[in-house]
Amino acid sequence: MMPRSLSANVIFGLAPIVLVIAVWQGLVSFGFAPVVLLPPPGVVFGRLLKQLVTWTFQQEIAATLIRLFAGFAIAVVLGVSIGIAAAASPAINAIVRPIVRVLAPLPKVALYPALLLLLGFGHGSKITLVAADALFPILLSTYYGASTVEQKLIWSAMAAGTPRYEILFKVVLPAAMPSILTGCRIGLVISCIVVFLAEMITSTDGLGHVLVTAARTFQAVDMFVPLITISLLGLILNGLLGAVRSYLLRGFPEA
């Protein structure tokens, strides 16, 4: 049953991608869009394969991934830590709740000019922006998961003489893991979007910089290559995180 279910999931997952490519090819073939602005998908994917084996393009991908992973890792550490602490302590919750209510709806990209002044045009400002954007979905998911842990589990651990800090790590954190990982998947998608956007605004390397450079020189094919690359990276990273989630939640009914 598992291989059949997996095959069905793969087919249903690929169907929208194939449909988009077919519509793209149809727009070009029937002349709805000029080739100079919307090149055929075959040309773009051919250019992508050539670029992927070049050292220069690999360095651009590496720069984007460094910023993405660093910002996402910071968001995970801070989000899980603050979320667990807020769920465990009413005092911390009273401090964190108003801050989250004010900052969560704020578009973090609006802070980017200030980050550029404080941290410069290098990795620091982009990593900070990624971390700030990915932080809140992870924090909120962690807080929700930790707050809804069955009290019977905590009471049983306390009755067995388990210290309070061990209860957090041995009871609350594992029980909240499904919600935490859901927040991480949302945060990862946001990280991919934000790092690309930050590189488009101001950068000397990275996939976003490649797109802006191609657009300024009217190289339509080269403009689509980084777009497809970041999409594929997001797809791969989401799949890897999904595999990690399935492994960590193998004992949970919803897994």
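No experiment lies behind these values; they were computed from the predicted model shown.
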Closest heavy-atom pair and its distance - [X], [Y]:
X      : Y      : answer
Ser125 : Gly122 : OG-O, 3.5 Å
Thr142 : Val80  : CG2-O, 3.6 Å
Ile84  : Ala146 : CD1-CB, 3.9 Å
Val44  : Ile228 : CG1-CD1, 3.3 Å
Ala134 : Gly187 : CB-O, 3.6 Å
Ile127 : Ala70  : CD1-CB, 3.7 Å

Between the side chain of [X] and the main-chain N/O of [Y], is any donor-acceptor distance below 3.5 Å?
X      : Y      : value
Glu60  : Gly206 : yes
Thr217 : Thr213 : yes
Lys126 : Phe121 : yes
Gln51  : Val225 : no
Ser179 : Ser141 : yes
Thr64  : Leu207 : yes
Ser147 : Tyr144 : no

So, taking the atom named [atom1] in [X] and the one named [atom2] in [Y], what distance separates them when rounded to the nearest 0.5 Å?
X      : Y      : atom1 : atom2 : value
Met223 : Leu38  : CE    : CG    : 9.0 Å
Ser246 : Leu181 : OG    : CG    : 9.5 Å
Glu199 : His209 : CD    : NE2   : 9.5 Å
Asp133 : Ser191 : CG    : OG    : 8.0 Å
Thr128 : Leu135 : OG1   : CG    : 12.0 Å
Leu232 : Leu48  : CG    : CG    : 6.5 Å

Quick check: do [X] and [Y] have side-chain heavy atoms less than 4.5 Å from each other?
X      : Y      : answer
Leu211 : Met200 : yes
Val28  : Pro39  : no
Ile201 : Val212 : no
Leu188 : Leu68  : yes
Ile138 : Phe72  : yes

Do you reckon [X] sits in the same ILVMFWY cluster as [Y], going by side-chain contacts under 4.5 Å, direct or chained?
X      : Y      : value
Ile99  : Val77  : no
Val96  : Tyr143 : no
Leu197 : Val189 : no
Ile180 : Val76  : yes
Phe30  : Val23  : yes

Could you walk me through whether Asp205 and Arg67 satisfy the side chain to side chain contact (heavy atoms under 4.5 Å, CB included) test, starting with their C-alpha distance in whole Å, then the side-chain angles of each, then the deciding distance to 0.1 Å, before giving a yes or no? CA-CA 11 Å; Asp205 56 6; Arg67 294 159 182 158; 2.5 Å; yes

Working for side chain to side chain contact (heavy atoms under 4.5 Å, CB included), residues Leu237 and Leu241: CA-CA 6 Å; Leu237 293 175; Leu241 188 56; over 6 Å; no

For Phe218 and Val36, run side chain to side chain contact (heavy atoms under 4.5 Å, CB included): C-alpha distance rounded to whole Å, both residues' side-chain angles, the deciding distance at 0.1 Å, then the answer. CA-CA 9 Å; Phe218 300 100; Val36 293; over 6 Å; no

Please check if the distance between the ring centroids of Phe224 and Trp24 is under 6.0 Å. yes

What do the steps show when you test Lys50 against Phe45 for side chain to side chain contact (heavy atoms under 4.5 Å, CB included), and what is the final call? CA-CA 9 Å; Lys50 292 180 180 178; Phe45 283 107; over 6 Å; no

